[in-house]
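The structure appears below as structure tokens.
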Amino acid sequence: MAIRLEKGQRINLEKTNGSKLTKFMVGCNWGALKTGRKQEIVVREGFLGIGRQTKLVDEEVDLDLDLSCAMVDEKGYLIDTLYSPLYNGNIYPNIFSKIINRLPKGSDWSQDRSMYHTPDDTEGDKGGDDGLDNEIVTVDLSKVNPDINQIFFFLDIFSPKGVDFLKIPYAAIRMCEYEGTQMNVTRVTNEFAKYDVAKEQQFAGKNALILGKLYRHNGDWKFAAIGDAYDHSDGRLPNSNLCLTIQKILNSYTK
């Protein structure tokens, strides 16, 4: 049974047999945005238009959430980040690098190759929950740069504009053991912690969430849930600005 993470909760990273957990994944799953309108879709074309069948379904639009990470040393200085390389076009030089000096560019891999981020999902699940994670970060703690003392996981709503967590049909972040490689998760074997995001009244009007952090303690890695949500709209991007989320982490949570 997975632990339902609550704000401030701390968990030990252990396998089901009690041994230390060094390889796991953090996955985020969410649904596309429902407009409240219906649209007609074709179920069967028929022959020469004869027998054509249609049905009305809920209209949905793309919903782009971004699962990202920030890694800091014991003094709270930023060492590395992990966020979508899709930001590396005009957004990085024109916005991100001006907010945080020497911010690393978006990448699928952390610099030490201990963490891998699957390609950016810019749509969300359409037609209902498919039970799969839309974005995944795989972690190998044995490869983490020894200078890194804390690893923060956070979630931002990139688009469409004006959407907050309360409007999302469903959204959840979970930590799991898995089979496969860092670049190819073939099967989830044990879900040991989960944080439900959507439909939480405290997230109304909020488009950025600092989920929690991995941190070193007496030679071991542990996890602490933070669960703080904010409005990080600044008018420069459609919705939340993940660079402001990183800045919030550095200013408020690294000490």
Under 4.5 Å between any side-chain heavy atoms of [X] and [Y], yes or no?
X: Phe154; Y: Ile249; value: yes
X: Asp133; Y: Cys28; value: no
X: His117; Y: Ile136; value: no
X: Asn239; Y: Ser233; value: yes
X: Tyr83; Y: Leu103; value: yes
X: Ser84; Y: Asp108; value: no
X: Cys243; Y: Ile100; value: yes

**Q.** side-chain contact (heavy atoms from CB on, under 4.5 Å) partner of Asn241, chosen from Ile99, Asp156, Ile91, Asn207
**A.** Ile99
Which distance, rounded to the nearest 0.5 Å, do you find between the [atom1] of [X] and the [atom2] of [Y]?
X: Ser97; Y: Ile95; atom1: OG; atom2: CD1; answer: 9.5 Å
X: Lys143; Y: Ile148; atom1: NZ; atom2: CD1; answer: 13.5 Å
X: Leu141; Y: Trp221; atom1: CG; atom2: CH2; answer: 6.0 Å
X: Ser68; Y: Glu135; atom1: OG; atom2: CD; answer: 7.5 Å
X: Asp64; Y: Glu123; atom1: CG; atom2: CD; answer: 9.5 Å
X: Phe203; Y: Leu155; atom1: CZ; atom2: CG; answer: 9.5 Å

Q. Would Tyr170 and Asp125 satisfy side chain to side chain donor-acceptor pair (under 3.5 Å), going step by step from the backbone distance to the final call?
A. CA-CA 10 Å; Tyr170 55 87; Asp125 292 343; 3.1 Å; yes
Q) Looking at residues at least two apart in the chain, or sitting in another chain, which of them share a ring pair (Phe, Tyr, Trp, His ring centres under 6.0 Å) with Tyr253? A) none
For the hydrophobic clusters of this structure (ILVMFWY residues joined by side-chain heavy atoms under 4.5 Å, transitively), does one cluster hold both [X] and [Y]?
X: Val26; Y: Ile246; result: no
X: Met175; Y: Tyr178; result: no
X: Phe223; Y: Phe152; result: no
X: Ile79; Y: Ile151; result: yes
X: Ile226; Y: Val139; result: no

Q: Run the numbers on Thr245 and Ser240 for side chain to side chain contact (heavy atoms under 4.5 Å, CB included), then give the verdict.
A: CA-CA 8 Å; Thr245 311; Ser240 176; 4.2 Å; yes
Q. Could you walk me through whether Tyr195 and Leu209 pass the side chain to side chain contact (heavy atoms under 4.5 Å, CB included) check?
A. CA-CA 11 Å; Tyr195 195 96; Leu209 170 67; 4.2 Å; yes
Q. If you link I, L, V, M, F, W and Y whenever their side-chain heavy atoms are under 4.5 Å apart, who else ends up in the same group as Tyr77?
A. none
[X] bridged to [Y] by N-O distance under 4.0 Å:
X: Asp234; Y: Arg236; answer: yes
X: Asp228; Y: Lys248; answer: no
X: Lys126; Y: Glu60; answer: no

Could you report the tightest heavy-atom contact between [X] and [Y], atom names first, then the distance?
X: Gly31; Y: Pro169; answer: O-CD, 3.7 Å
X: Arg113; Y: Gln182; answer: O-OE1, 3.7 Å
X: Val137; Y: Leu82; answer: CG1-CD2, 3.9 Å
X: Asp112; Y: Asn145; answer: OD2-N, 2.7 Å
X: Leu211; Y: Ile173; answer: CD2-CG2, 3.4 Å
X: Asp62; Y: Thr122; answer: CB-O, 3.6 Å

Near [X] [atom1], under 6.0 Å, is it more than 12 heavy atoms from other residues, nucleotides or ligands?
X: Gln202; atom1: CD; answer: yes
X: Lys255; atom1: NZ; answer: yes
X: Asn94; atom1: CG; answer: yes
X: Lys161; atom1: NZ; answer: no

Main chain of [Y], side chain of [X]: is a donor-acceptor contact present, judged purely on distance under 3.5 Å?
X: Ser110; Y: Met115; value: yes
X: Asn184; Y: Gly180; value: no
X: Trp109; Y: Ser114; value: no
X: Asp80; Y: Gln111; value: yes
X: Asn29; Y: Ala172; value: no
X: Thr138; Y: Met25; value: no
X: Asp164; Y: Lys167; value: yes
X: Asp73; Y: Asn149; value: no

Q) Should the ring pair Phe24 and Phe192 be called parallel, tilted or perpendicular, given that the plane angle runs from 0 to 90° and is split at 30 and 60? A) perpendicular
Q) When you look at Asn190 and Glu177, which way does the side chain to side chain donor-acceptor pair (under 3.5 Å) test go after all the steps? A) CA-CA 5 Å; Asn190 176 38; Glu177 295 179 67; 2.9 Å; yes
Q. How about Tyr87 and Phe96: are their ring centres within less than 6.0 Å of each other?
A. yes
Q | Ile157/Phe165 under side chain to side chain contact (heavy atoms under 4.5 Å, CB included): CA gap, chis, key distance, verdict | A | CA-CA 8 Å; Ile157 303 174; Phe165 287 118; 3.8 Å; yes
(Q) Checking Lys222 against Leu214 for the side chain to side chain contact (heavy atoms under 4.5 Å, CB included) test, could you report, in this order, the C-alpha distance in whole Å, the side-chain angles of both residues, the deciding distance, and whether it holds? (A) CA-CA 6 Å; Lys222 298 182 181 296; Leu214 292 166; over 6 Å; no
